[in-house]
There are 2 protein chains.
Amino acid sequence: MQPSGKAPEPTLSRLSLYLRCLRQLAKDGAKTISSAQLGSHCGVVSAQIRKDLSYFGEFGKPGTGYEVQQLLSRLTEIMQLDQEHRVAIIGAGNLGAALAGYAGFSDSPFRIVGIFDNNFNKIGRMLWDVEILDVHRLTEVNQHMRAGIGIIAVPAEAAQEVADRLVDAGVRAILNFAPSRIEVPPGVAVRHVDLTREIEVLCYHMGRVAEEQEALSDADE
Amino acid sequence: MQPSGKAPEPTLSRLSLYLRCLRQLAKDGAKTISSAQLGSHCGVVSAQIRKDLSYFGEFGKPGTGYEVQQLLSRLTEIMQLDQEHRVAIIGAGNLGAALAGYAGFSDSPFRIVGIFDNNFNKIGRMLWDVEILDVHRLTEVNQHMRAGIGIIAVPAEAAQEVADRLVDAGVRAILNFAPSRIEVPPGVAVRHVDLTREIEVLCYHMGRVAEEQEALSDADE
DNA sequence: ACTTGTGAAGCATTTCACAGCC
DNA sequence: GGCTGTGAAATGCTTCACAAGT
């Protein structure tokens, strides 16, 4: 199979995981790796890895495995990480500021090119080495700023309006940290990161574990 | 069906979503709501909502729908959100600080009771209204602090060590913001929030959209 | 008339298992 | 012998569609 139909969403997320692993392996000087070895590094079973890769082509040699460098660069291309991605962050609050300074972005193709807010006390101040600009000027400023990715780090009530502005400014992918659904036209990719939902699910699991332990101790009396 | 087997993971995440919606509806004074109405509020089809709820019991009246207040309190119980959850944050960097001040935690059952770091320049300082403590004292301090949830906001290299400390300190749920897998004993729940993976998947989708548009314009020449 | 709860159907994703290659 | 790539099987999740309840 070659360019193929389309890969499932979970596969895409795992490709990113494989990339992280491969970058480390390359740094450590590994030459080749089997799907089983890669799997034990990143917690995925080998058949899953082979299936994931098979959506995009054939990358390995039977008997040997994969060449680390080669797989690394092929996956980097597939994920479009061989080019710079300019990112605008909307919302210069706690979260926006933390994201702007996120260490994971150094030595990555992501470059924070703009930070926007609607608070007059923040506009004009510097955050890291970027000036906070008025969100109302987003479309105008992005003509030369050319951010293709927008990160929403504003309160829920403002999220849809900010999303509309981002789309209007030409952004084609949005990462939404606001706890609220946003609607965007087709052709714009969106992903959500919802802290409250994550932590609430954890609470549920804690409760389940507690129940099981009660059931267990009930059983042996 | 009543207490039932176990609900799929995506169902649990959606329950949290329904809760957020129901809290708003209750504030707005809504008395009853149908699965179709709730669905259009939160972007989920009605059959999905009914199926999700069916894992936990019967909550509605045919012909009428659900009583907002009643469904709200039943789901709150199911998700264990009718009790306080004490949270410790490990890592007082940008992200840890932002999470400690996260506005979504006010008016919620989550209470940040401790912030830990290993950096002597930070230990002893105040963050919001909590003192930053030495992460080496985690187990000791948590004897009276009694945090049941830990949030990891440290660099990848330190994540596993921090996870071990959290488990040792009696934490039973971990939200991991570090870009690294962590192993925990059974009975401890873990969820990951991986900024880099999210944004890398977005890049892939941006590329796909670009390809499709090329294919489209190639077609009509 | 309208809506729930739920088996059954449909679809998506993961895992198995093995032919073919190094 | 060891490993990949992949159909086929298994599992998991979502959607359909309708009997039963109000």
Side-chain angles (χ1 to χ4, degrees), chain A residues 1-18 21-22 25 30-72 74-75 78 197 201 204-205, chain B residues 1-18 22 25 30-68 70-72 74-75 78 197 201 204-205:
Chain A
M1 198 196 271
Q2 264 284 33
S4 86
K6 63 188 196 313
E9 196 71 8
T11 290
L12 301 172
S13 182
R14 281 190 300 268
L15 288 188
S16 172
L17 185 62
Y18 305 155
C21 224
L22 288 165
L25 286 162
K31 294 291 287 175
T32 67
I33 193 166
S34 68
S35 57
Q37 289 173 299
L38 181 56
S40 72
H41 273 269
C42 60
V44 175
V45 300
S46 63
Q48 181 76 76
I49 293 181
R50 295 198 302 278
K51 179 65 90 179
D52 285 341
L53 296 178
S54 78
Y55 290 108
F56 300 95
E58 309 192 355
F59 304 98
K61 259 212 296 280
T64 313
Y66 304 89
E67 258 199 64
V68 172
Q69 274 299 344
Q70 185 188 295
L71 185 57
L72 178 52
R74 288 292 290 112
L75 291 185
I78 288 166
R197 281 172 71 178
V201 171
Y204 172 83
H205 286 302
Chain B
M1 196 196 273
Q2 264 285 31
S4 86
K6 63 189 196 313
E9 196 71 8
T11 290
L12 301 172
S13 181
R14 280 191 301 268
L15 288 188
S16 172
L17 185 61
Y18 304 156
L22 289 164
L25 286 162
K31 294 292 286 176
T32 67
I33 194 166
S34 68
S35 58
Q37 289 173 299
L38 181 56
S40 71
H41 273 270
C42 61
V44 175
V45 300
S46 62
Q48 181 75 78
I49 294 181
R50 295 199 301 278
K51 179 64 87 179
D52 285 341
L53 296 179
S54 78
Y55 290 107
F56 300 95
E58 310 191 354
F59 304 99
K61 260 212 295 277
T64 313
Y66 304 89
E67 259 199 63
V68 172
Q70 185 189 294
L71 185 58
L72 178 52
R74 287 293 288 112
L75 291 185
I78 289 165
R197 280 172 72 178
V201 171
Y204 173 83
H205 286 302

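The figures here come from the full heavy-atom set of this structure, side chains too, leaving out hydrogens, waters and symmetry mates. Lettering of chains follows the sequences in order, A, B, ..., and the numbering in each one begins at 1.
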Legend entry - 5'-most by nearest nucleotide on DNA chain C - A:P62 or B:G65: B:G65
Inset, instruction - Report yes or no: does B:Q37 contribute a side-chain atom to a donor-acceptor pair with the main-chain N or O of B:S34 at less than 3.5 Å? - result: yes
Legend entry - Rounded distance in Å - CG (A:L38) to C1' (D:dT4): 14 Å
Legend entry - Nearest-Å distance for atom pair CZ/P, residues A:R74 and D:dG5: 12 Å
Inset, instruction - Take the protein atom CD of B:Q70 and the nucleotide atom P of C:dT4, then report the distance between them rounded to whole Å. - result: 13 Å
Inset, instruction - Among B:K51, B:Q48, B:R50, find the one that has a side-chain hydrogen bond (donor to acceptor under 3.5 Å, both in side chains) with B:S35. - result: B:R50
Legend entry - Of B:Y66 and A:T64, the one whose closest DNA chain C nucleotide lies more 5': B:Y66
Inset, instruction - Send over the distance from A:L53 CG to C:dT15 P, rounded to a whole Å. - result: 15 Å
Inset, instruction - Enter the distance from A:L15:CG to A:I78:CD1 here, rounded to the nearest 0.5 Å. - result: 7.0 Å
Legend entry - Spacing between A:I49 atom CD1 and C:dC16 atom P, to the nearest angstrom: 14 Å
Inset, instruction - Tell me, please, which residues at least two apart from B:S40 pass side-chain contact (heavy atoms from CB on, under 4.5 Å). - result: none
Legend entry - C:dT4 phosphate, OP1 or OP2, under 4.0 Å from B:S35 side-chain N/O: yes
Inset, instruction - For A:L71 and D:dT4, give me the distance from atom CG to atom P, rounded to whole Å. - result: 11 Å
Legend entry - Inter-residue atom distance B:L22.CG - B:L75.CG, 0.5 Å rounding: 6.5 Å
Inset, instruction - Using atom NZ of A:K6 as one end and atom C1' of C:dT13 as the other, report the distance to the nearest whole Å. - result: 13 Å
Legend entry - Per-nucleotide protein contact string for nucleotides 10-19 of chain D, where B marks a base within reach and S marks sugar-phosphate only (heavy atoms under 4.0 Å, - for neither): ---SBBBB--
Inset, instruction - First locate atom CZ of A:R14, then atom CZ of B:R197, and finally report the distance between them rounded to the nearest 0.5 Å. - result: 8.5 Å
